[in-house]
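Okay, structure first, notes after.
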Amino acid sequence: ITINLVKIAGMTWWDCAIVGDPKIDTTKIQPENSKLDTLDDDTRQTVEKMMWDQRQKMQGLPTSKELEQQKILEKFKSQHPEMDFSQLKMAPDGLNKYTQNLG
């Protein structure tokens with residue numbers, strides 16, 4: 001059996017995994033300290049990207065994924081000058097799963 005739990009609220013902590021379970025006290029969680037230089041190259045790049053994206057979000061700036069999506073959109077717009085994009089509305093990030101493999 002595989003169970004997928006999807007967080008709709010994004011970057012928030014759940015009180016518990018299953019309704020009725022004891023609440024998780026996130027103030028008691030002690031993350032393990034680790035140094036980036038102890039990680040292999042691929043893992044280090046992934047962690048650094050996640051940290052950069054988190055800082056961007058906290059500052060209200062676009063994440064690497066959002067920047068890439070903007071780049072793809074601008075390329076498409078330049079390739080199709082005949083199209084009117086003035087009424088274009090971007091979907092929230094959670095709805096952009098279909099664009100992640102474009103480019």
Side-chain angles (χ1 to χ4, degrees):
I1 295 177
T2 301
I3 299 174
N4 292 316
L5 302 175
V6 179
K7 290 175 65 175
I8 296 173
M11 301 295 292
T12 59
W13 287 96
W14 285 342
D15 289 338
C16 57
I18 299 173
V19 175
D21 276 357
K23 288 194 174 190
I24 301 168
D25 184 356
T26 56
T27 62
K28 293 182 179 178
I29 296 174
Q30 295 285 331
E32 182 179 314
N33 287 332
S34 61
K35 295 182 180 181
L36 290 177
D37 59 358
T38 63
L39 303 173
D40 63 81
D41 289 341
D42 289 339
T43 304
R44 181 179 177 165
Q45 284 181 324
T46 301
V47 171
E48 287 175 342
K49 180 181 175 190
M50 290 169 59
M51 291 169 57
W52 187 85
D53 284 342
Q54 185 63 29
R55 282 193 301 274
Q56 291 290 99
K57 274 187 176 185
M58 293 179 76
Q59 295 175 16
L61 299 171
T63 63
S64 57
K65 179 180 176 183
E66 292 165 339
L67 289 171
E68 183 62 27
Q69 289 174 340
Q70 288 174 6
K71 182 179 170 184
I72 292 168
L73 177 60
E74 291 305 316
K75 180 179 177 184
F76 182 81
K77 286 166 67 173
S78 70
Q79 292 172 342
H80 299 279
E82 75 282 1
M83 296 179 75
D84 179 16
F85 292 94
S86 63
Q87 301 297 316
L88 178 68
K89 293 181 181 169
M90 298 297 287
D93 187 50
L95 298 177
N96 287 328
K97 65 182 176 182
Y98 302 107
T99 63
Q100 65 189 2
N101 294 323
L102 296 177

Connected hydrophobic set around Leu36, excluding itself, where side chains approach under 4.5 Å: Leu39, Val47, Met51

Main-chain N/O of Thr63 paired to Asp53 side chain as donor or acceptor, under 3.5 Å: no

Nearest atoms (heavy-atom pairs only) where Pro81 meets Ser78: CD-O, 3.7 Å

Interatomic spacing from CD in Gln56 to NZ in Lys65 - rounded to 0.5 Å: 15.5 Å

Residue Asp41 excluded, over 12 heavy atoms near CG under 6.0 Å: no

Closest heavy-atom pair and its distance - Cys16, Pro22: CB-O, 3.6 Å

SB check Lys71 Glu74 (cutoff 4.0 Å): no

Side chains of Gln54 and Met50 in contact at under 4.5 Å (non-hydrogen atoms): no

Beyond-backbone contact of Asp37 with Arg44, side-chain heavy atoms, under 4.5 angstrom: yes

Residues, nucleotides or ligands: over 12 heavy atoms within 6.0 Å of Glu82 CD: yes

Residues Trp52, Arg55; criterion side-chain contact (heavy atoms from CB on, under 4.5 Å); working and verdict: CA-CA 5 Å; Trp52 187 85; Arg55 282 193 301 274; 3.9 Å; yes

Neighbour count above 12 (heavy atom, 6.0 Å) for Lys77 NZ: yes

Hphob cluster co-occupancy, Ile24 + Val19, side-chain heavy atoms under 4.5 angstrom: no

